[in-house]
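Please read all numbers here as calculations on a predicted model, not as lab measurements. Naming: A, B, ... by sequence-line order, numbering from 1 per chain.
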2 protein chains.
Amino acid sequence: MPVGDEDSQRRIDAMIAALRAAGLRLTHQRLEVTREIAASDEHPGVERVFRAVRVRVPTISLDTVYRTLATLADLGLVSRVTATPGPVRYDANRAPHHHFVCTRCGLIRDVENHVLDELPVPVSAEALGRVESVEVQLLGVCGDCQRKEAEHV
Amino acid sequence: MPVGDEDSQRRIDAMIAALRAAGLRLTHQRLEVTREIAASDEHPGVERVFRAVRVRVPTISLDTVYRTLATLADLGLVSRVTATPGPVRYDANRAPHHHFVCTRCGLIRDVENHVLDELPVPVSAEALGRVESVEVQLLGVCGDCQRKEAEHV
DNA sequence: GTCTCTGCAAAGTTTTTGCAGTCCC
DNA sequence: GGGACTGCAAAAACTTTGCAGAGAC
């Protein structure tokens, strides 16, 4: 299911304006990658965007798609769905709990909270499938990284 | 901060019992990897567990740690922190929203829900750092995968 | 003794980087 | 024309796999 045309167009316009504002060039490749990600609500990976864009721009390379999506993410125009970058990490805590994740250094800490443990499952989610667990991620900047940022100002 | 001794010991006992129940062998390497992950609340990656265990078992190899953690995860004794396996995926939806994630096929769908948008940030999380956003992941099995499971029964 | 598990090595995946040419501004 | 961007290729980072020997039961 693609995003509605008007939403998609609004996204594209905002992204192009932001690219321009950042002083970045509006190359053919960048525009097509931007169009593709803006028009999708399937949370595609790099490979998938690459295949879709290649239909219209047969000479585009996979690493350009990598670089373009990274650029859009740096500008805050798209987000990475997986909160923690890098290798897989494991957790031996089997009790229901949630995570604080530092987006700077990747620190992850358990957060226990009964309100979060008992969240109602939205009806719109039940329509998609059987929900087996609910995990809350609190994304932010940990104490250490805040201190480092303060030092560098 | 390590897990309390009594919690850690309880986890280790439960994991060893489960390994035995599954008919798996309690090798020196498996026991040490199990001890290491049970004693940590830092959500370590494979590399980190490897380095820690190598102090006690100098001959252990990295791929044994990979295999052992995968085994523990398959038995449900530990969990992978990053919900979506495989490559990074991107999302152009900048409005606050949440995700339904199919743990079988990796399908991700946006879920909009105002209750989830306005969750209170637990005090215990504020002690860890500045929380910038709250994301809820609803993990489960999507309609397609449920249908496939039903066919194979 | 049997059969699983381990260590080694090699390969597979995903992502990043260096460089020379291209093309936006 | 200048400088950022692209495509290519190679490398780096992460993970999986095949095989022969070692060790748990």
Fill in: Any B:Gln29 side-chain N or O less than 4.0 Å from OP1/OP2 of C:dG7
yes
Worksheet item: Rounded to the Å, how far apart are A:Leu19 CG and C:dC24 P?
Response: 15 Å
Worksheet entry | Proximity to the side chain of A:Arg30 - top-ranked nucleotide from C:dG7, D:dC5, C:dT15 | D:dC5
Worksheet item: Hey, does the side chain of B:Tyr66 come within less than 4.0 Å of D:dT16's phosphate (OP1/OP2), counting only N and O?
Response: no
Worksheet, complete the sentence: Between A:Thr68 and A:Gly86, the residue closer to the 5' end of DNA chain D by nearest nucleotide is A:Thr68
Item to complete: Find the distance A:His28:NE2 to D:dT6:P and express it as a whole number of Å.
Response: 12 Å
Worksheet item: Which part of the nucleic acid, if any, lies within contact of B:Val46, taking any heavy atom under 4.0 Å across all strands shown: a base, the sugar-phosphate backbone alone, or nothing?
Response: nothing
Worksheet item: Would you say a side-chain N or O of A:Thr27 is under 4.0 Å from OP1 or OP2 of D:dA4?
Response: no
Worksheet entry | Short side-chain N/O contact from B:Thr64 to OP1 or OP2 of C:dG7, under 4.0 Å | yes
Discussion item. Using a distance-only criterion (donor-acceptor N/O pair, under 3.5 Å, no hydrogens), is the base of C:dC3 paired with the side chain of B:Arg25?
Written reply: yes
Worksheet item: Between atom CD in A:Glu47 and atom C1' in C:dT14, what is the gap in whole Å?
Response: 9 Å
Worksheet item: Nearest-Å distance, CD (B:Glu32) to P (C:dG7)?
Response: 12 Å
Discussion item. Among C:dC24, D:dT15, C:dC19, which nucleotide has an atom closest to any side-chain atom of A:Arg67?
Written reply: C:dC19
Worksheet item: Any sub-3.5 Å donor-acceptor pair from B:Arg80's side-chain atoms to B:Ala73's backbone N or O?
Response: no
Fill in: Close side-chain approach of A:Pro122 to B:Leu116, heavy-atom, < 4.5 Å
yes
Worksheet entry | Distance, rounded to the nearest Å, where B:Leu31 contributes CG and C:dC5 contributes P | 13 Å
Worksheet item: Can you check whether B:Glu149's main-chain N or O pairs, donor with acceptor, with B:Arg104's side chain at less than 3.5 Å?
Response: no
Worksheet item: Does A:Asp63 make a side-chain donor-acceptor contact with the base of D:dA9, cut-off 3.5 Å?
Response: yes
Practice prompt. Round to a whole Å and report the spacing from CG of A:Asp74 to P of C:dT16.
Written response: 10 Å
Worksheet item: Under 30°, 30 to 60°, or over 60°: which ring-plane class applies to A:His99 and B:His43, parallel, tilted or perpendicular?
Response: perpendicular
Worksheet entry | Rounded distance (Å) that lies between atom C1' of C:dT14 and atom OH of B:Tyr90 | 11 Å
Response to the item:
5'-most contact on DNA chain C (nearest-nucleotide basis), A:Ala70 vs B:Ser61, goes to B:Ser61
Worksheet item: Can you find a pair of side-chain heavy atoms, one from B:Glu36 and one from B:Glu32, that are under 4.5 Å apart?
Response: no
Practice prompt. Round to the nearest Å and state the distance from B:Arg80 atom CZ to D:dC14 atom C1'.
Written response: 13 Å
